[in-house]
There are 2 protein chains.
Amino acid sequence: MSIRNSLARPRVAVDSVLFAVERGRLKCLLVQLQRGALRDKWAFPGGLVRTGEQLDDAAIRELHSTTGLSRAYLEQLFTFGDPRRDPRGHVVSVAYMALIADPGEVQPPAGKYAASQWFEVSRLPPLAYDHQLMADYALRRLKAKLGYTNIAYNLLPKVFTFAQLEELYAAILGRPLDRRNFRRRILGMGLLRELSAKRRGRHRPAALYRFARRVPQVIEVL
Amino acid sequence: MSIRNSLARPRVAVDSVLFAVERGRLKCLLVQLQRGALRDKWAFPGGLVRTGEQLDDAAIRELHSTTGLSRAYLEQLFTFGDPRRDPRGHVVSVAYMALIADPGEVQPPAGKYAASQWFEVSRLPPLAYDHQLMADYALRRLKAKLGYTNIAYNLLPKVFTFAQLEELYAAILGRPLDRRNFRRRILGMGLLRELSAKRRGRHRPAALYRFARRVPQVIEVL
DNA sequence: CCAAAAGTGTTGGCTCTACACCCATGA
DNA sequence: TCATGGGTGTAGAGCCAACACTTTTGG
């Protein structure tokens with residue numbers, strides 16, 4: 001172990017796996033590193049936690065500084081602590097999952113990173129650090145929570161059709177769903193409110209829904 | 001914020017919620033703090049992560065130094081990062097759940113703590129730091145994982161009877177279980193091997209079982 | 001009237017729960 | 001023979017998956 005490592009205390013960082021769904025595809029945001037041994041490699045946006053700062057606040061701050069986002073659904077996933085995970089030294093990283101409804105909200109990065117880009121989750125480039133582990137972990141968590149929480153509201157506009165909701169679930173789960181069974185199950189959870197307005201377009205108007213509560217909520221499975 | 005806080009980087013610690021079942025009661029181990037503002041308060045054993053050290057190794061090391069245990073099932077739970085959670089400064093703590101089969105394996109602490117003691121989970125004393133949150137989190141996780149993993153093998157001797165297994169589940173879930181349904185469900189998971197030997201005693205001999213695999217395993221629910 | 005998307009029910013299999021009595025043993 | 005804990009089956013309810021046609025609209 002290098003002298004540098006053995007003298008410095010482990011540092012604390014946060015990294016965020018930011019998901020959004022675009023045209024029926026689940027995507028996540030990667031940034032391209034600008035400096036250091038890993039230059040030009042892709043990674044999730046993140047950075048060191050400041051003294052006196054909450055972990056969630058650090059995650060938001062780093063997300064904001066690289067995407068311009070001022071809010072997103074955030075959920076802590078797991079903490080990665082292998083002392084060799086970062087070639088620059090021992091950095092313990094708290095991984096987060098972040099969700100937004102519209103990938104278009106993200107602005108190009110200011111200065112810390114060379115670029116940022118949405119990638120389809122099933123086609124990620126090779127990732128720096130242990131970020132592939134984070135990606136796997138985040139996807140697993142997201143899939144699981146679709147089934148027993150209202151977490152999907154973070155990935156949809158306030159008002160949406162059942163077809164949009166179904167497309168979202170199918171995109172994340174990676175398989176098609178039966179429309180009738182899906183509708184029954186979702187309505188059975190009692191999370192949605194049907195609106196009186198309809199979406200009009202070229203075809204038969206679709207009923208519009210919103211989530212009854214846009215607040216994290218677990219459905220008791222009993 | 002104090003000068004001390006704003007200069008020092010956040011430190012990284014681990015804390016372990018160690019569970020064991022004793023005579024049908026779920027218990028967890030608390031240690032009594034010896035120094036500082038929180039002297040005499042109860043808390044979970046833990047301490048700072050060293051540079052170059054894996055988080056799991058730090059958790060084991062701290063457990064070992066306060067209990068003499070050299071191995072235990074360990075699972076990372078959640079990372080607590082409120083900068084005010086420790087009055088001595090900003091300490092980010094990675095919480096673990098630890099499981100052992102026999103509370104008797106634990107030795108009195110060497111020097112760091114004033115005392116250690118098993119407490120029934122439903123009757124914990126007031127805890128230092130944010131350790132009550134850790135306790136809640138750990139218990140929730142343990143309950144949940146009983147249902148879809150073989151995690152219980154960590155809390156039982158290698159060989160056991162169905163009655164012991166049922167008592168374990170009942171103790172953790174905090175409610176009685178139907179013996180026939182329980183047996184059917186567990187056997188349906190295919191995790192157990194029945195041994196040819198029987199436990200003999202005052203009454204009808206009980207069939208003995210062991211876990212087919214004493215390795216973490218998730219049962220596909222499909 | 002045609003294309004496209006929205007909306008709607010039923011059936012069979014499976015799973016889960018509730019529930020009570022007999023068995024094997026040592027003392 | 002008795003006390004004690006071990007072991008077993010069934011029926012009804014609820015849940016889930018599979019499955020295809022009709023409706024509504026704009027162009």
Side-chain angles (χ1 to χ4, degrees), chain A residues 21 23-25 143-144 146-149 152 156-157 159-210 218-222, chain B residues 21-25 143-144 146-149 152 156-157 159-171 173-210 218-222:
Chain A
V21 174
R23 276 175 283 119
R25 308 276 183 187
K143 281 184 181 178
L146 275 189
Y148 64 94
T149 71
L156 284 174
V159 167
F160 52 88
T161 67
F162 237 101
Q164 282 176 279
L165 184 62
E166 188 187 327
E167 186 185 46
L168 174 77
Y169 270 72
I172 294 172
L173 298 177
R175 59 185 165 87
L177 299 170
D178 180 88
R179 205 187 321 166
R180 284 169 287 191
N181 293 337
F182 178 73
R183 179 181 282 261
R184 210 183 354 255
R185 254 190 63 202
I186 297 289
L187 290 177
M189 291 184 193
L191 300 176
L192 300 185
R193 287 284 166 76
E194 184 171 354
L195 306 180
S196 52
K198 302 267 185 210
R199 185 184 63 178
R200 305 190 68 81
R202 264 189 297 278
H203 309 298
R204 176 170 174 175
L208 290 169
Y209 292 84
R210 63 180 177 80
V218 172
I219 290 73
E220 285 304 330
V221 182
L222 263 197
Chain B
V21 174
E22 192 177 34
R23 277 175 282 118
R25 307 277 182 186
K143 281 184 182 179
L146 275 190
Y148 65 94
T149 71
L156 283 175
V159 168
F160 51 88
T161 66
F162 238 101
Q164 283 177 278
L165 184 62
E166 188 187 329
E167 186 185 46
L168 175 76
Y169 270 73
L173 298 176
R175 60 187 164 87
L177 299 170
D178 180 87
R179 206 190 317 169
R180 284 168 288 191
N181 295 337
F182 178 73
R183 178 181 283 259
R184 215 186 346 259
R185 254 190 64 203
I186 297 289
L187 290 178
M189 291 185 193
L191 300 176
L192 300 185
R193 288 282 167 75
E194 185 171 354
L195 306 179
S196 52
K198 303 266 183 209
R199 185 184 65 177
R200 304 190 69 82
R202 266 188 296 276
H203 310 298
R204 174 173 175 174
L208 290 170
Y209 293 84
R210 63 180 175 81
V218 173
I219 290 72
E220 286 302 331
V221 183
L222 265 197

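A note on names: the letters A, B, ... follow the listed sequences, proteins ahead of strands, and every chain is numbered from 1.
For the OP1/OP2 pair of dT8(C) and a distance below 4.0 Å, the side-chain nitrogens and oxygens of Arg183(A) include at least one atom meeting the criterion. At the phosphate of dT17(C), neither OP1 nor OP2 sits under 4.0 Å from any side-chain N or O atom of Arg185(B). For the pair Arg184(A) and dT8(C), the criterion of a side-chain N or O lying under 4.0 Å from OP1 or OP2 is not met.
Taking atom CZ of Phe160(B) as the reference point, atom C1' of dG6(D) lies 16 Å away to the nearest angstrom. Atom pair Phe182(A):CZ and dA18(D):P shows a separation of 16 Å (rounding to whole Å applied). For the pair Ile186(A) CD1 and dC16(D) P, the computed distance is 12 Å after rounding to whole Å. The distance between atom NZ of Lys198(B) and atom P of dG5(D), rounded to the nearest whole Å, is 18 Å. Across the protein-nucleic acid pair, Arg179(A) atom CZ and dA20(D) atom C1' stand 11 Å apart, rounded to whole Å. Note: CG (Leu177(B)) to P (dG6(D)) measures 15 Å, nearest angstrom. Distance, Glu166(B) CD to dT8(D) P: 13 Å, rounded to whole Å. Between Arg199(A) atom CZ and dG26(D) atom P the separation is 13 Å, expressed in whole Å.
Using a 4.0 Å heavy-atom distance criterion, Arg200(A) is classed as a sugar-phosphate-only contact.
Which of dT25(C), dC19(D), dT25(D) sits closest to the side chain of His203(A) comes down to dT25(D). Closest approach to the Asn181(A) side chain among dG6(D), dA17(D), dG9(D) is made by dA17(D) (side chain taken as heavy atoms from C-beta onward). Closest to the side chain of Arg180(B), from the set dA20(C), dA18(D), dA5(C), is dA20(C).
Across Gly24(B) and Ala171(B), no two heavy atoms sit closer than the pair O-CB, 3.3 Å. In this structure, Met189(A) and Gly147(A) approach most closely via the heavy-atom pair CE-O, 3.7 Å. Among all heavy-atom pairs drawn from Ala170(A) and Pro176(A), the shortest one is CB-CA, 4.5 Å. The two atoms that bring Leu177(B) and Phe182(B) nearest to each other are CD1-CD1, 3.8 Å, heavy atoms only. Shown here for Arg183(B) and Phe162(B), the closest heavy-atom pair between the two residues is CA-CE2, 3.6 Å.
Of the two residues contacting DNA chain C, namely Arg202(A) and Phe162(A), the nearest-nucleotide position lying further toward the 5' end is that of Arg202(A).
Under 3.5 Å, the side chain of Arg204(A) and the base of dA6(C) form at least one donor-acceptor pair of N or O atoms.
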